Every structure is written in C-alpha cells, then in structure tokens.
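Shown next, in structure tokens, is the structure this report addresses.
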2 protein chains.
Amino acid sequence: KELQEIKKEISDLSRNHSTVQEKGVQFKEQIHEGFRHLDEIVNTLAKHEKEASQLTSRIKSLSDKEKHMDSTKELSKQLGEIKASIKRAKTSFTPETGSVFVRLFLGQVNVKHYREFEKFRLKQEYEKFKKKTNPQFILFVVLLLLYPHSSFITTSWQIWLLYYYVTLALRENILLVNGSAIKPWWIIHHYLSIAGSLTNLLWPFSPAFSHFLPQVTYFSGAQGLVQILTNRYQQGRLYKLVAMGKANIIDVTGESEGWNDDPGWTPSALFLLPFLLFVQFFQLYNSFSFFAYAYTNEFKVEWQVLACGLIFLLLGVGNLTTTMTTYYQKWTS
Amino acid sequence: KELQEIKKEISDLSRNHSTVQEKGVQFKEQIHEGFRHLDEIVNTLAKHEKEASQLTSRIKSLSDKEKHMDSTKELSKQLGEIKASIKRAKTSFTPETGSVFVRLFLGQVNVKHYREFEKFRLKQEYEKFKKKTNPQFILFVVLLLLYPHSSFITTSWQIWLLYYYVTLALRENILLVNGSAIKPWWIIHHYLSIAGSLTNLLWPFSPAFSHFLPQVTYFSGAQGLVQILTNRYQQGRLYKLVAMGKANIIDVTGESEGWNDDPGWTPSALFLLPFLLFVQFFQLYNSFSFFAYAYTNEFKVEWQVLACGLIFLLLGVGNLTTTMTTYYQKWTS
Ligand SMILES: CC(C)(COP(=O)(O)OP(=O)(O)OC[C@H]1O[C@@H](n2cnc3c(N)ncnc32)[C@H](O)[C@@H]1OP(=O)(O)O)[C@@H](O)C(=O)NCCC(=O)NCCS
Ligand SMILES: CC(C)(COP(=O)(O)OP(=O)(O)OC[C@H]1O[C@@H](n2cnc3c(N)ncnc32)[C@H](O)[C@@H]1OP(=O)(O)O)[C@@H](O)C(=O)NCCC(=O)NCCS
C-alpha cells in the first residue's frame, strides 16, 4: 500500500510540477510583454520631449506683442509643467547603465530596478555595508598607530580603502539611477578618495611619506568615528521611513526581517554638524600641511605631496560647501 | 493663428502625455504582478523540492523486495526526472545575489535578469571588455620592458591588474547566475589572479622582487598575446550563436548594432590549444622558479616569494586540468 501511495503522490507531484512550469512560461511572457510596454513608453516620452521643445521655440519666435499676452504666458507655464513631468517620467522609466564608473565595472547593462522593494533594498544594503565596515576602518587606524613602520599594514590599509571607496561609489551610482536624492558631490567625494588611495599606493616609503603618516592616521581615526555617527543618523532616517509606512516594501514581499529594527539612539542632523565641521576643517588643515611642506622644500618634493594637498583641498572645500547648502535647505524648508 | 495652433498642440501634447503616464502606471502594475507570480513560482518550487526528497526517502525505506520490483525502479527514475526538472526551474527563476564576491561589491541584491536580451548583453559586454582591455594589457608589458626600474609603472600595472581581474570576476559571477556554462574554475582563476596582484602590491622593491620582475614580465607578455587569441575565439562563438539565430535578441529590441559584426578570422579550439599549453606550462615553470629561489636561499625569503610560487602552481595545475577536461568533452561529444 505504501508503494501505491508513493506512486499516487509522485504522479500528483508530476502534475503539480507541470503546472508550475506553465506558470513559469506565463511569467516570462508577462515580463516580456511588460518590458515591451516599457520600450513603447520610453519611445513615446522621447517623442513628446522633442515636441515640447519645438513648441517652446515656436513660442519664443512669436511677435513681441503676442509674447506679452497673458494667454501666452499661461501657455508657457503649462508647457513648462508638461516638460517637467516628461522629465520625471523619463527618470523613472528609461533604463540606464549608470555612470561611466558603473560601466567600468559592470559594462553597459541596465541597473535600474522597477520593483519598489528592490530599490529600498539597495539603500538598506548600502547602509548595512557602511555599518559593517566601520569597525574595520577603526581597526586599521589602530593597527597603523601600533605599527607605524610596517609597510605591510599601510599598504593593506590603502588596498582596503580602495575596495571600500570603489564599492561605495558603485552602489551610490546605482542608487542615483534608482531615484535616490543623493547629491552628486558625495559620489565625487568617493572618486577623490579613490584617487587618494591610488596616490598613496604609488608612494614609496620615503621620508616625506613617513613624515605625513601620523597626521593622516589621526585624521582617519577622526573620520572613522564621525562616520559611525553619520551612519547611525542615516539608519535612523531609514527606520523612520519604514515606520511611517512610506517605504511600502514589507507588505509586498512579506520579508520584513532586519528592515524595521529600531536602530536605538540616533543623532539628529544638528548634533552631527560640529563633528562634520571638525573633520572638514581637518581636511583643509591636511591640505595646508602638504602644501606648506612642499613650499618649505622649495617644491622639490615627490608629486604625491602635491597630489595629496590638492585632493584634501578639494575634499575640504567640496564637503564644506555641500554640507552648508544641505543644512541651509533643511532650515529653510 | 500661430498662437491658436500652439495652444491646440499644447493641449494635444498634454492629453497624450497623460496617456503615457497611465501606461506607466499600468506597466508598474504589470511588473509588480509579474514578480508576484515569480514569488509564487519560487515558493511552489521550494515546496515541490521538499516533497520530492521526502518521496525519495520513502522509497529508500521500502522493504528490499519491493525495492527491486520493476515498478519501483520506474518510479525512482520518474522521481529523478522530476527532481532534475525542479532544479532547472529553480536556476532559471529563483532570484540570486551571486556569490560572496558579488555581494562584497554590490550587496545582497538580485543580479538575475529575466529578459533574454539582457542576458545576452551581459555576455557581449564581457567579451567586448576583454577586447578593449587587451591592448592596455600589452601596453603595460611594453612599458615594463622599457622601464624595469620604475616603481611607478610596476605599481600602476598591479593596480590595473587588480581592477581588471576584479571586474572580470564580478561579471563572470553575474554571467553564471544568468545561465552561462562557464566552469567555476575560470572564476577561481581570477580570484587567484587577484591574490597575485595583492601579493605584488604588498611586495616592497626588494632584490628578490627585482630578480623576478623580468621573468614575470615575459610571462605576462605571452599571456597577453594568447588572451587576444582566446578572446577572438570566444567572439567567434558568440557571432555564430547570433548568426544561427539561437540568440534571438535582435528582433526583441530592434537594437542589433554591434551584435552581429562578423569578427573576421577566428581561431578554432584546436588552433588555440598549443598556445594555451605554452602559457600554462610557463605558469608551472614560474612556480618552479619561485620555489627554487626559496630553496637555494634556505627559505630565508620574503613571504611573497612563496605566495607567488603557490599561486602559479595552483594556476598552472588548475588551468591545465580544466583545459584538458574541456577539450576531452569537446572531442567525445
Ligand atoms: C550633512 C548630512 C548629514 C545630511 O544628510 P541627509 O539629511 O541624509 O541629507 P539629504 O536630505 O540631502 O539626503 C538626500 C539623500 O542623499 C543621501 N546622502 C546624504 N549625504 C550622503 C553622504 N555623505 N553619502 C551618501 N549618501 C548621502 C541620503 O541618504 C538621502 O538619500 P535618499 O534620497 O536615497 O534617501 C550628510 O550629507 C553627511 O553626512 N554629510 C557629511 C559627509 C562628510 O563630510 N564626510 C566626510 C567626513 S566623515
Ligand atoms: C579551453 C577554452 C578555449 C574553451 O572555451 P569554450 O569552447 O568556450 O569552452 P566551453 O564550451 O566549456 O564554454 C562554456 C562557457 O564558458 C565560457 N568560458 C570558457 N572558458 C572561459 C574562460 N577561460 N574564461 C571565461 N569564460 C570562459 C564560454 O564562453 C561559455 O560561456 P557561455 O555558456 O556563456 O556561452 C577556454 O576555456 C579557454 O580559453 N581556456 C584557457 C584559459 C587560460 O588558460 N588562460 C590562461 C592563459 S591566457
């Protein structure tokens, strides 16, 4: 009888499995169909964009009298709104390969996601990555302080930083394509950091290098600690999004684990500000030190000294101005 | 009249744009729906897999007499087929994040594509990348031969190799998830190459390093030339796929540019073999040189010498055996 039963269950399984296979074929057709619609939408949007700019120039070439009529102004405004809407639709639909940086690593493939929950996942994974790697960052600083003469440790640290900044820049570029409001400067910031790591890797263990190592190590320590704070701040923001139900991901997938963990105490933007300013002025001070060293040595220094000076200058100025605008926007809105 | 016409066209555009927006909403719903089906399919497959293995153990625990009946054997066979089919369905449907390596760079996000043409694009981009970077590879070898004492050039070269192998390994892992039959060894091969570049970056400009630089440079030159050949071979295979219409991508998107370019002369697998063997024996010879150096110096050598010896040994042995099995499979099928 057991044998009979097994037989029956196998044939049931076989039947059910065929049903799933059919569903699989249907799914592929559905997706295929869906993306064909996407192609249509993208093409139509491009057409509309062209029409809109033709209309704009036609309005421009009206006679001065006509241009100043209220109805014309009204039309201009309407057209502006349509244009803005087309642009928004384009960003949310057109497949994109990300910036050159993403293409360097992944090639020219679409990195735009069309499921809300996948987009949210990208962000979540990004913050999780920062959280996990912060202790490693600090650990390296401690090792550098303990063994300042080990070329093994300094080189490992530079290679690790290279990895760290490359993956951050990759993920941020992908986030940007997927609707994040991250300011381009923060990505450029990571490109500059990559340039910094490369400069350090290409710098032989010279007297100048040893001269600057302690200062750069202290700076990295400060940066590491402040990064922990900013990461907590960003996690707090993410948590609030989920709690307010704005990120409607959980109901979509049933997968909520780890996505609504209360991160505990998180600093406010205002609390962060002095720490950020401290690190950013430290960057400017580093820049000054490198240039002063070059100056007192009558610029007979390795090119890495000047490169580091320039990179820290750009980092400091860019970070300061971007942070200032961000806080200004926060307070005025 | 012009004004009237503009007004009319703007209101037309506005209406058309609303239609596209509706289509956009529909598309999102469609995709959403599609992926909900996918979730269902994936869950059902997991359930079926469990049922199938329970049935297998029930068959195993039948009495010996029953087990040897023809009908039981028939059942076992049927079950085996179902299991294989479930497994195939799982690989084609279950979202995957790729290996740990992909997760290190992109985080835990799905890298499986569900459009045939996207899958093909991945492969095409992969081969295009190799084609574009081969000349850079050769250029570096030439620079190394011209300036063997420049730490700038050797370090740049190692950093470039690091980038090169990281992106290859990333793309290959993603290809694997998307149904490529690439053998895992070729990916491991690139992990080992990454380890090799890291070892070299961590190697100060010592006498041992200088001792090995010329030999490693000649080896890289040979490898670079053979890579050009293997790349042409793979492009030829891809071209044939498109020409035979197996890769039915072009009709899907209308985008055919660059995808069916005749690559011109391409070597056959047989033609490649001696060149591959040459490089692979060169790897074994390198390994031998490093170990012999360590031996004659009574193993009082930098750890990098032993690491390089080991990496070349693994590369040589792994490449040889994998190439042999590949050719054996080709000839017997
Ligand atoms: C000033 C600061 C705290 C403001 O953060 P915020 O409140 O999230 O700012 P915004 O509202 O403009 O954020 C918009 C988006 O950009 C992201 N973002 C902001 N600053 C970012 C940064 N430095 N890196 C990465 N992403 C950032 C936010 O997460 C948000 O993403 P979302 O649209 O996907 O949700 C933040 O920009 C910051 O930490 N800056 C300092 C960085 C720095 O100087 N580092 C060097 C020293 S450690
Ligand atoms: C031997 C060789 C020419 C066979 O190539 P092949 O005919 O494509 O082999 P297979 O039929 O097994 O290929 C199966 C898949 O693996 C891919 N593949 C095979 N060898 C690969 C390699 N070395 N790197 C990356 N992908 C490879 C193929 O492109 C194919 O992909 P697909 O399923 O997406 O179409 C190839 O494996 C090779 O070049 N090996 C030598 C590599 C080497 O030793 N390099 C070091 C010296 S340069």
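Chain letters run A, B, ... following the sequence lines, proteins first, then strands; residues in each count from 1. Please read all numbers here as calculations on a predicted model, not as lab measurements.
The minimum heavy-atom distance linking Ser14(A) with Ile82(B) is given by the pair CB-CD1, 3.6 Å. Here the closest non-hydrogen pair linking Gln21(B) and Ser85(A) is NE2-OG, 3.0 Å. Closest approach of Gln108(B) and Arg121(A) over heavy atoms only: O-NE, 3.0 Å. The two residues Phe105(B) and Arg171(A) make their nearest non-hydrogen contact at O-NE, 3.1 Å. Of all the heavy atoms in Ser92(B) and Lys28(A), the pair that sits closest is OG-NZ, 4.1 Å.
Comparing Trp203(A), Phe205(A), Tyr126(A), Phe152(A) by how many heavy-atom pairs each has under 4.5 Å with chain B, the most go to Phe152(A). When the candidates Val109(A), Thr44(A), Leu55(A) are compared by the number of heavy-atom contacts under 4.5 Å with chain B, Leu55(A) comes out ahead. With chain B as the partner, the residue from Ser156(A), Ser151(A), Gly107(A) showing the most heavy-atom pairs under 4.5 Å is Gly107(A). Top candidate by heavy-atom pairs under 4.5 Å with chain B, chosen from Gln78(A), His113(A), Met69(A), is Gln78(A). Contact tally against chain A (heavy-atom pairs below 4.5 Å) for Leu170(B), Val111(B), Leu198(B), Ile86(B): the top residue is Ile86(B). For the set His48(A), Glu74(A), Glu81(A), the entry with the most heavy-atom pairs within less than 4.5 Å of chain B is His48(A). Highest contact tally toward chain B, considering only Asn16(A), Ile6(A), Ile31(A), Ile59(A), is held by Ile6(A) [criterion: heavy-atom pairs under 4.5 Å]. Taking chain A as the reference chain and counting heavy-atom pairs below 4.5 Å, the highest number among Ala52(B), Gly24(B), Ala89(B) is found for Gly24(B).
Other residues, nucleotides and ligands contribute at most 12 non-hydrogen atoms within 6.0 Å of the NZ atom of Lys7(A). When the shell of 6.0 Å around NZ of Lys87(A) is examined, it contains 12 or fewer heavy atoms from other residues, nucleotides or ligands. In the displayed structure, Tyr191(A) atom OH is contacted under 6.0 Å by more than 12 heavy atoms of other residues, nucleotides or ligands. Dense packing is recorded around NZ of Lys112(B), with more than 12 heavy atoms of other residues, nucleotides or ligands lying under 6.0 Å away.
Both the sub-6.0 Å distance and the 45° axial angle are not jointly satisfied by Lys23(A) relative to the ring of Phe93(B).
Put simply, the side chain of Leu79(B) reaches to within 4.5 Å of the side chain of Leu13(A), judged on heavy atoms. Side-chain contact check for Glu33(B) versus Gln30(A): some heavy-atom pair is nearer than 4.5 Å. Side-chain contact between Leu106(B) and Thr167(A): absent, with no pair of heavy atoms (C-beta onward) separated by less than 4.5 Å.
Of the two parts of Gln26(A), neither the backbone nor the side chain holds a non-hydrogen atom closer than 4.5 Å to a non-hydrogen atom of chain B. Contact annotation for Arg58(A): both backbone and side-chain heavy atoms come within less than 4.5 Å of a heavy atom of chain B. Both the backbone and the side chain of Leu38(A) come within contact range of chain B, each with at least one heavy atom under 4.5 Å from a heavy atom of that chain. Using a 4.5 Å cut-off between heavy atoms, Ile10(A) contacts chain B through both its backbone and its side chain. Heavy atoms of Leu104(B) lying under 4.5 Å from chain A belong to its backbone as well as its side chain.
Note that the CG atom of Leu3(B) and the OG1 atom of Thr72(A) stand 4.5 Å from one another [nearest 0.5 Å]. Annotation: the span from Glu51(B) atom CD to Asp12(A) atom CG amounts to 9.0 Å, rounded to 0.5 Å. In this structure, Glu9(B) CD and Leu75(A) CG are separated by 11.5 Å, a value rounded to the nearest 0.5 Å. Rounded to the nearest 0.5 angstrom, Gln158(B) CD and Leu202(A) CG are separated by 11.5 Å.
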Walk me through whether Phe35(A) and Tyr114(B) qualify under ring pair (Phe, Tyr, Trp, His ring centres under 6.0 Å).
CA-CA 10 Å; Phe35(A) 280 105; Tyr114(B) 293 101; 9.5 Å; no

